[in-house]
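One structure is given here, and the rest of the page talks about it.
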Amino acid sequence: MKARGPRKVRLVLGNRQFTKVGVRPGLWRDGYHLILSMGWLGFLTVLVVSYTIVNLLFAVGFWLSPGSVANTPRGFLDLLFFSIETLSTVGYGTMYPVTIYGHILASLEIFIGLLILALTTGLVFARFSRPTARIQFSDVMVVAPFNGVPTLMMRAANERHNLILEATVNMTLIYRKQTLEGEIFRHQHDLALVRHRSAAFTLSWTVMHKITESSPLYGKNTKDLEDANMIVAVSI
């Protein structure tokens, strides 16, 4: 048996790319999160495609047993419409199953239709009820003097026409550092901010970190930042 190598997944963080080694493969291993996080166009496309495939499969099932459904002069097309009516539990009455096979298959389709309706209702409600923030971050961070002290600054703005009460911000420096044992280890250092909370976040917010002697950024130049693969993560 041929041994499989370590599984890798590419991760994009900001403008940098990383590789996660050893993760489980598969697009649908977290399908619920994938469905909730995709756009509305993709979500509706998945629903329409799934709905069409299910109806086609059941139409083929009825078609494999000729005479299982009454009043289907147009053949497969009528069976497809009968599947749509059965899956939605509408049933207009003109077409109906007449054999044991047809009744069993129709009963199975009704049961699956109820499950699809329940799952779709839950997913749509979860998408509408999920809280989302609309905060715009500046494209770049700058280091400039502020009251005579070099300060790392970035701006954020509230895109909604409302107040965000008791907003808090965290700025974390993520970088590589060699341990005493000679191994490379990623460290996280919470940067001290001039103001880490806002009673009412309405318009914009300038987040500032003073680069003093106690700051891990003190005395660093561009090459030092690149060698340590430094990343600044900001969350509001």
Side-chain angles (χ1 to χ4, degrees), residues 6-25 27 29-30 33-34 36-42 127 130-236:
R7 303 183 178 101
K8 300 181 180 180
V9 174
R10 303 195 70 176
L11 174 67
V12 178
L13 185 59
N15 59 352
R16 300 185 182 181
Q17 294 185 355
F18 302 89
T19 301
K20 297 172 69 176
V21 180
V23 297
R24 291 180 297 171
L27 179 64
R29 65 187 181 94
D30 197 0
H33 178 266
L34 178 64
L36 290 185
S37 60
M38 68 172 51
W40 277 104
L41 180 60
R127 289 178 62 90
R130 186 180 56 170
T132 57
R134 293 188 180 274
I135 298 178
Q136 181 69 37
F137 292 89
S138 57
D139 294 330
V140 296
M141 306 180 76
V142 299
V143 176
F146 184 80
N147 289 333
V149 179
T151 304
L152 175 68
M153 295 182 285
M154 58 85 60
R155 298 191 73 188
N158 181 14
E159 290 187 299
R160 295 188 184 276
H161 302 289
N162 63 357
L163 291 176
I164 299 179
L165 301 178
E166 298 297 332
T168 59
V169 60
N170 295 294
M171 183 180 289
T172 303
L173 181 67
I174 306 173
Y175 59 97
R176 294 185 304 185
K177 186 177 180 181
Q178 188 173 6
T179 64
L180 297 178
E181 292 76 18
E183 296 187 7
I184 301 299
F185 192 80
R186 297 198 69 85
H187 290 260
Q188 296 189 24
H189 188 101
D190 293 331
L191 300 179
L193 303 177
V194 174
R195 182 165 60 93
H196 74 278
R197 62 178 294 275
S198 176
F201 182 20
T202 308
L203 300 176
S204 63
W205 187 355
T206 302
V207 183
M208 297 181 290
H209 165 70
K210 292 185 177 181
I211 305 178
T212 59
E213 293 183 359
S214 60
S215 172
L217 295 174
Y218 184 78
K220 303 294 183 182
N221 54 33
T222 303
K223 186 177 185 306
D224 295 331
L225 301 181
E226 293 177 350
D227 292 341
N229 197 19
M230 287 189 176
I231 298 174
V232 178
V234 181
S235 63
I236 295 181

Do R127 and M38 have side-chain heavy atoms sitting under 4.5 Å apart? yes
Output for pair (M230 CE, K177 NZ), nearest 0.5 Å, gives 9.5 Å
What one should report as the nearest heavy-atom pair of L193 and M171 is CD2-CB, 3.9 Å
Those residues at least two apart in sequence (or on a different chain) that pass side-chain contact (heavy atoms from CB on, under 4.5 Å) with E181 are T179
Sorted by chain and number, sequence neighbours left out, side-chain contact (heavy atoms from CB on, under 4.5 Å) with R155 holds for S138, S204, T206
Between R195 and V169 the two heavy atoms that sit nearest each other are O-CG1, 3.9 Å
Quick note, side-chain hydrogen bond (donor to acceptor under 3.5 Å, both in side chains) partners involving residues 139-154, not counting sequence neighbours, are none
Those residues at least two apart in sequence (or on a different chain) that pass ring pair (Phe, Tyr, Trp, His ring centres under 6.0 Å) with H196 are none
So CE of M208 and CZ of F146: to nearest 0.5 Å the spacing works out to 4.0 Å
To the nearest 0.5 Å, atom OG1 of T172 lies from atom CG of L191 at 7.0 Å
* Asked: Would you say R186 and N229 make side-chain contact, with heavy atoms under 4.5 Å?
  -> yes
Residues passing the side-chain contact (heavy atoms from CB on, under 4.5 Å) test with L180, sequence neighbours excluded, are none
In this structure, CD1 of I231 is separated from CG of L225 (nearest 0.5 Å) by 11.5 Å
In terms of heavy-atom contacts, E159 and I135 come closest through OE1-N, 4.3 Å
Residues passing the side-chain contact (heavy atoms from CB on, under 4.5 Å) test with I184, sequence neighbours excluded, are R176, Q178
Sorted by chain and number, sequence neighbours left out, salt bridge (Lys or Arg N to Asp or Glu O under 4.0 Å) with D224 holds for none
Between F201 and A167 the two heavy atoms that sit nearest each other are CB-CB, 3.9 Å
Are there over 12 heavy-atom neighbours, none belonging to L165, within less than 6.0 Å of that residue's CG?
yes
Across all chains, not counting sequence neighbours, the salt bridge (Lys or Arg N to Asp or Glu O under 4.0 Å) partners of R197 are E166
Here the gap from I164 atom CD1 to R134 atom CZ, rounded to the nearest 0.5 Å, amounts to 12.0 Å
key: pair N170-D190: side-chain heavy atoms closer than 4.5 Å   = no
Would you be so kind as to tabulate the donor-acceptor pairs closer than 3.5 Å made by side chains of residues 211-219, with sequence neighbours excluded?
{"from": "T212", "atom 1": "OG1", "to": "S214", "atom 2": "OG", "distance (Å)": "3.1"}
{"from": "S215", "atom 1": "OG", "to": "H209", "atom 2": "NE2", "distance (Å)": "2.7"}
{"from": "S215", "atom 1": "OG", "to": "L217", "atom 2": "N", "distance (Å)": "3.2"}

